[in-house]
Amino acid sequence: MAKERFDHKAIEQAAQKKWEELDLYTTDLKDDSKDPYYLLFEFPYPSGDLHIGHWYAFALTDIFARYQRMQGKNVLFPIGFDAFGLPAENAAIKHGIDPKKWTYENMDRMREQIRSMGTSVDWTKEVVTSDPAYYKWTQWLFLKFFEQGLAERRNAAVKWCPNDKTVLANEQVMDGRCERCGHEVEEKNLTQWFLTITKYADRLLRDLDPLPWREEMKEAQRAWIGESEGAKLSFPLHSYTAESAAEGVDMNMAIEVFTTRPDTLYGATYVVLAPEHPLVETLLPAALNADEMRAYRTATSRKTERERQEEKDKTGVLVGGIMAINPATNEPIPVYLADYVLVSYGTGAVMAVPAHDERDFEFAQKFGLPMKQVVVTCADDPNNPPQEGFPDVKRDTVIVHLRDTATGKFALLDWHGSLDGITTAIMGGVEEGQTPVEAALAEISEEAAIEGVRIVKQLPWITAAKYCASHKSQNRCAHTYAFLAEIDGLESQGEIPENEQALHTLVWVDESAVLSRLTPPHQKQMWQLLNEVTALTDDGYLINSGVFDGRSNREALWDIVAAAGGERVKNYRLRDWLVSRQRYWGCPIPVVYDPEGIPHAIPAEHLPWLLPEDVDFTPGKNESPLASSTELKERVTNIFGEGWTPEYDTLDTFVDSSWYYLRYLDPADDHDFTDQSLLKKWLPVDRYSGGSEHTTMHLLYSRFFHKALYDLALVPTPEPFNERFNRGLILGPDGAKMSKSKGNVINPDDFVAKYGADAVRMYLAFIGPYNEPGNYPWNLDGVEAMRKFLDRINALSERLTDAPASDTLTRALGIASAKVGTDTDRFKFNTAISALMVALKEFEAAPEVSREAYRAYLLMLAPFAPHLAEHLYEKTGGEGSVHEGSWPEAVVAQSDTATIIVQVNGKKRGEIMMAPGATEEEALHEAMKIEAVIKVIGEQSPQRTVYVPGRILNIVVAKA
RNA sequence: GGGUAUGUGGCGGAACUGGUAUACGCGUACGCCUCAGAAGCGUAUGGAGCAAUCCUUGGAGGUUCAAAUCCUCUCAUACCCACCA
């Protein structure tokens with residue numbers, strides 16, 4: 001069979017020209033004759049050159065757009081450019097090019113490249129965020145937020161690179177270092193604009209649940225929002241000066257803390273304020289060590305966030321002469337400043353419970369602060385679990401781990417009788433009038449007949465185990481004190497009495513074996529704690545908690561809050577969105593300041609508030625580039641009057657991209673941000689395809705924007721996007737992530753020139769499922785294989801006849817159209833193409849290739865290889881465009897025979913061909929003719945058979 | 001440290017609600033064609049074994065007539081969050 005290679009360049013040009021002439025891809029948004037389908041992909045940043053990742057993003061989404069059109073949908077498949085942003089400005093700084101020129105030239109180049117992929121995007125809907133026609137409405141929306149109190153000005157730290165002498169955008173800081181020069185970044189305080197996304201935290205979280213997104217994405221957003229429920233508690237402050245040392249003087253102020261563990265309130269032994277906490281300033285005059293506090297505060301502010309996090313040791317300083325009153329115990333407890341408490345989370349202050357919080361424990365250890373246990377974890381003893389209906393009886397017990405320093409071994413007891421198989425440390429009850437230490441010594445004497453031991457350590461915590469004392473019909477809750485004791489050699493060991501020997505055997509084991517030898521989980525836990533004391537974070541019952549003693553900590557939690565006059569609150573990790581950027585190439589913030597410095601919205605008639613062009617953006621200035629524009633200052637003076645000043649910051653580009661999908665509906669509208677009459681029909685976006693890097697920021701910001709607009713009745717839906725798919729990543733040929741610095745970036749142009757756009761598209765589609773993220777190495781052989789596949793399809797066009805399609809071919813087509821259809825629908829382009837390949841084999845094997853069947857095949861090929869499909873469609877005499885065609889109907893092929901798998905005891909032993917409606921008897925009869933089946937069954941007779949008609953027959957015989 | 005997802009040939013990956021594990025492609029081997037090579041075509045290709053047959057979906061158990069799929073434990077990898085009270 002002659003395999004002539006087709007001329008992909010000619011075919012591509014002809015097809016693209018034809019589509020343009022036929023104007024196939026301009027969507028009539030008002031067309032009500034078809035169902036609307038809004039297919040969105042993340043619009044690109046015009047970085048200049050298209051890499052293979054862009055192909056992966058655009059060309060594969062295009063497959064789906066074409067498929068949906070063939071399904072009779074009115075598909076909106078728009079494109080635009082996220083054109084503001086740093087690279088343009090960096091190019092300007094580095095090479096002295098005008099950012100605008102750089103950006104717009106890049107866009108021109110990219111438009112051409114995107115066309116070359118054969119994408120069916122609607123260019124008439126294009127939006128460019130840096131066009132005044134677009135950012136006029138970004139500014140308008142910002143002002144809507146401002147009116148609603150959703151845009152606020154407050155003081156915040158900005159990142160500053162001391163080497164480049166410039167302010168950095170947040171996204172320019174990588175791991176605490178300047179993205180450009182690698183220098184450690186500092187923080188500076190400036191007054192900046194925030195969008196109060198935290199007001200929507202609850203709804204952003206709640207509305208996530210019903211979205212048909214992968215759990216991963218939802219979880220990532222939930223983690224980002226970071227809701228936690230707890231209580232706000234108030235700790236009144238008293239001052240203790242030399243004169244009032246005893247009672248203290250009520251200062252009439254209090255520290256508000258947020259805690260998720262108010263159940264441990266009785267264990268709060270000190271309070272910590274973030275060094276930046278506003279209250280610190282107020283406390284300074286009353287504190288005995290104001291200088292020390294100031295010094296600590298300054299030291300903290302010098303440190304970057306990064307340094308504070310990396311620091312292993314906790315630091316802090318006592319607030320001298322001031323105590324906080326624990327609202328539960330009414331006891332005064334010390335107040336500290338420490339930078340392990342973050343001012344931006346909760347109330348910027350915590351109640352410290354060293355016994356039950358790891359961070360507080362660390363701090364308390366370092367500062368020698370007392371710890372107070374209030375929760376006792378109580379595990380059921382698995383060897384002797386408590387029984388229902390028996391009363392609980394509390395009992396104090398001791399556990400002693402005795403070490404012989406001569407051998408380094410530890411004493412354990414192997415129990416006999418009713419406790420057979422159990423191994424514990426030396427243990428026993430605390431008798432009336434005994435202290436735990438006395439009890440410990442007494443048990444060593446009784447059970448091991450050893451005197452003269454030293455107690456070297458007592459565990460600061462007690463834990464408990466619940467077991468059943470059946471002889472007393474009680475459940476005992478053994479409240480356990482744990483000790484570490486030592487003895488130097490066993491010379492003094494006496495005879496262990498017989499009655500004790502009958503109960504247990506004393507064994508000496510190596511330190512490393514203790515943990516595995518101990519059987520009760522409670523004892524294991526004790527051993528670990530004795531070796532390394534940590535905070536107890538598990539739940540249990542309360543002690544040292546006044547009236548709440550004995551109750552479960554979880555169950556008593558809100559009662560404790562109520563008793564302490566606290567308030568139930570929710571807190572979020574999510575911070576308000578800082579949108580000010582001290583950058584040039586962005587959307588100007590549409591605000592001016594009056595002579596008093598009060599911000600005012602720029603009236604709508606002055607929008608778009610243009611980005612000035614007489615700007616010096618070379619680094620080295622401690623302010624925003626816009627401040628260097630004389631034009632901007634004059635503009636403000638002319639419009640608003642003398643003394644009025646401009647806002648010099650621009651908006652974060654995430655603001656621009658938070659609403660672009662709305663603008664696509666009416667990109668040129670000069671009277672409104674979009675055509676609102678179309679929103680009801682086109683929202684929410686049906687399917688949004690993008691990269692996983694945007695799961696948290698962009699998707700969350702867009703959802704926030706959308707909800708805010710929903711509340712303003714500017715959009716009709718509470719959510720912007722219905723389905724969302726994150727695509728995978730194309731790796732370089734070396735299996736590493738592509739990057740310019742590694743030099744492994746694939747330039748698709750060479751491959752497109754050699755194999756054609758269709759082959760590159762298909763290779764990318766074939767590489768793996770598009771509906772889940774993954775990493776795929778770029779493989780040249782794969783592109784070539786796709787080209788061969790296309791060549792085979794092309795070759796077939798020479799063999800067409802007018803004869804009707806054979807049954808085999810019709811069936812093959814039916815199977816393919818069903819599978820290719822459902823797989824394409826689910827973004828599983830890889831298996832869709834595989835089905836196309838299987839069908840092609842049938843065509844190649846057929847003695848005659850019916851033209852009609854072949855044309856149906858071309859329709860299925862069209863979304864994947866749009867150019868070749870168009871060419872072959874024309875060649876076979878098709879009218880119009882193949883892309884105007886409908887998806888071929890799946891002719892369900894009714895087969896008169898089915899292959900039934902015959903199993904014996906679940907193992908395949910053969911197969912039989914039967915009518916799908918055959919009875920079990922018929923199938924069994926047929927199956928018993930199979931040699932392998934006869935052989936395996938042998939003399940035995942079938943016990944039962946499982947028969948799934950048309951599928952499987954399983955004969956079950958007794959195991960030999 | 002916490003959360004989520006994923007573990008299937010030499011590689012990318014298939015297997016719908018439990019019902020023929022390894023579709024499709026790459027790679028590899030052999031053969032045909034050719035003066036020769038390239039291309040093309042054909043055959044084979046999870047492992048062991050001459051074979052009958054046995055083993056195989058990260059590992060160990062379990063449920064079931066039947067498990068890649070469901071359950072329990074465990075190991076590994078990726079991503080997200082992380083001094084978040």
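Every chain is numbered from 1, with letters handed out A, B, ... down the list of sequences. Small disclaimer: the values here were computed from a predicted structure and weren't measured. The basis for the numbers below is simple: all heavy atoms, side chains too, and nothing from hydrogens, waters or symmetry mates.
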(request) Please check the phosphate of A85(B) (OP1 and OP2 only) for any side-chain N or O of Ser228(A) closer than 4.0 Å. (result) yes
(request) Between Asn954(A) and Met837(A), name the one whose nearest nucleotide on RNA chain B is closer to the 5' end. (result) Met837(A)
(request) Would you kindly give the NZ-to-P distance between Lys907(A) and U64(B), to the nearest whole Å? (result) 19 Å
(message) Checking side-chain contact (heavy atoms from CB on, under 4.5 Å) between Thr300(A) and each of Asp339(A), Val343(A), Val317(A), which is the one that passes?
(response) Asp339(A)
(request) Please determine if a side-chain N or O atom of Arg909(A) lies less than 4.0 Å away from the OP1 or OP2 oxygen of C54(B). (result) yes
(request) Identify, between Gly348(A) and Val946(A), the residue whose nearest nucleotide on RNA chain B lies closer to the 5' end. (result) Val946(A)
(message) Between C1' on G40(B) and CG on Asn794(A), what's the gap in Å once rounded to a whole number?
(response) 15 Å
(message) Once side-chain hydrogen bond (donor to acceptor under 3.5 Å, both in side chains) is applied, do any residues pair with His356(A), and if so which ones, sequence neighbours excluded?
(response) none
(message) Under a 4.0 Å threshold between the charged nitrogen and the carboxylate oxygen, would Arg792(A) count as salt-bridged to Glu844(A)?
(response) yes
(request) Check whether the ring centres of Tyr270(A) and Phe363(A) lie less than 6.0 Å apart, and answer yes or no. (result) yes
(request) Would you mind calling G47(B) syn or anti? Take O4'-C1'-N9-C4 for purines or O4'-C1'-N1-C2 for pyrimidines, and syn is within 90° of 0. (result) anti
For residues 760-773 of chain A, dump all side-chain donor-acceptor pairs below 3.5 Å to protein atoms at least two apart in sequence or in another chain.
residue, atom, partner, partner atom, Å
Arg761(A), NE, Phe864(A), O, 3.2
Arg761(A), NH1, Asp62(A), OD2, 2.9
Arg761(A), NH1, Met117(A), O, 3.1
Arg761(A), NH1, Gly118(A), O, 3.2
Arg761(A), NH2, Asp62(A), OD2, 2.7
Arg761(A), NH2, Pro863(A), O, 2.9
Tyr763(A), OH, Pro777(A), O, 3.4
Tyr763(A), OH, Asn779(A), N, 3.0
Tyr770(A), OH, Tyr56(A), O, 2.7
Tyr770(A), OH, Ala57(A), O, 3.4
Asn771(A), ND2, Arg826(A), O, 3.2

(request) Check whether any side-chain N or O of Arg944(A) sits under 4.0 Å from OP1 or OP2 of C65(B), and answer yes or no. (result) yes
(request) Quickly work out the Gln221(A) CD to C79(B) C1' distance and round it to whole Å. (result) 15 Å
(message) Test of understanding: with salt bridge (Lys or Arg N to Asp or Glu O under 4.0 Å), list the residues that count as partners of Glu842(A), not counting sequence neighbours.
(response) none
(request) Check whether any side-chain N or O of Asp360(A) sits under 3.5 Å from a backbone N or O of Val353(A) as a donor-acceptor pair, and report yes or no. (result) yes
(message) What I want to find out is whether Arg222(A) reaches Asp209(A) closely enough, with some N-O distance under 4.0 Å, to be called a salt bridge.
(response) yes
(message) Using a strict threshold of under 4.0 Å (side-chain N to carboxylate O), is an ion pair present between Glu42(A) and Arg724(A)?
(response) yes
(message) Is the distance between the ring centroids of Phe194(A) and Trp577(A) under 6.0 Å?
(response) no
Could you list, one pair per line, each protein nitrogen or oxygen that sits under 3.5 Å from a nitrogen or oxygen of nucleotides 8-15 of chain B, together with the distance?
residue, atom, partner, partner atom, Å
G12(B), O2', Ile767(A), O, 2.4
G13(B), O3', Asn830(A), ND2, 3.3
A14(B), OP1, Asn830(A), ND2, 3.3
A15(B), OP2, Lys828(A), NZ, 3.3

(message) Under 4.0 Å, counting only non-hydrogen atoms across every strand here, what does Lys841(A) touch: a base, just sugar-phosphate, or nothing?
(response) sugar-phosphate
(request) Run the salt-bridge test on Glu362(A) and Lys314(A) with the 4.0 Å N-O cut-off and return the result as yes or no. (result) yes
(message) For a stem of at least 3 consecutive Watson-Crick or G-U pairs with distances under 3.5 Å, i pairing with j, i+1 with j-1 and so on, which stems involve RNA chain B?
(response) B:1-7 with B:75-81, B:10-12 with B:24-26, B:27-32 with B:40-45, B:46-48 with B:53-55, B:58-62 with B:70-74
(request) Could you tell me whether Ser344(A) contacts a base, only the sugar-phosphate backbone, or nothing, with contacts defined as non-hydrogen atoms closer than 4.0 Å? (result) nothing
(request) Take atom CG of Asn905(A) and atom C1' of U64(B), then tell me their distance rounded to the nearest Å. (result) 13 Å
(request) Nearest whole angstrom, please: distance from the C1' of A82(B) to the CG of Leu342(A). (result) 11 Å
(request) Report the distance from atom CG of Leu574(A) to atom P of C80(B), rounded to the nearest whole Å. (result) 18 Å
(message) Check whether Tyr200(A) forms a cation-pi arrangement with Arg703(A) (NZ or CZ under 6.0 Å from the six-membered ring centre, at most 45° off the ring normal).
(response) no
(request) Starting at atom CD of Glu227(A), determine the distance to atom C1' of C81(B), rounded to an integer number of angstrom. (result) 16 Å
(message) Taking the P atom in each of U72(B) and G3(B), what is the distance between them to the nearest angstrom?
(response) 15 Å
(message) Tell me the interatomic distance from Lys788(A), atom NZ, to C24(B), atom P, rounded to whole angstroms.
(response) 17 Å
(request) Have a look at Val257(A) and say if it touches a base, only the backbone sugar-phosphate, or nothing, with a 4.0 Å heavy-atom cut-off. (result) nothing
N/O contacts under 3.5 Å, protein versus nucleotides 3-5 of chain B?
residue, atom, partner, partner atom, Å
G3(B), O2', Glu219(A), OE1, 3.4

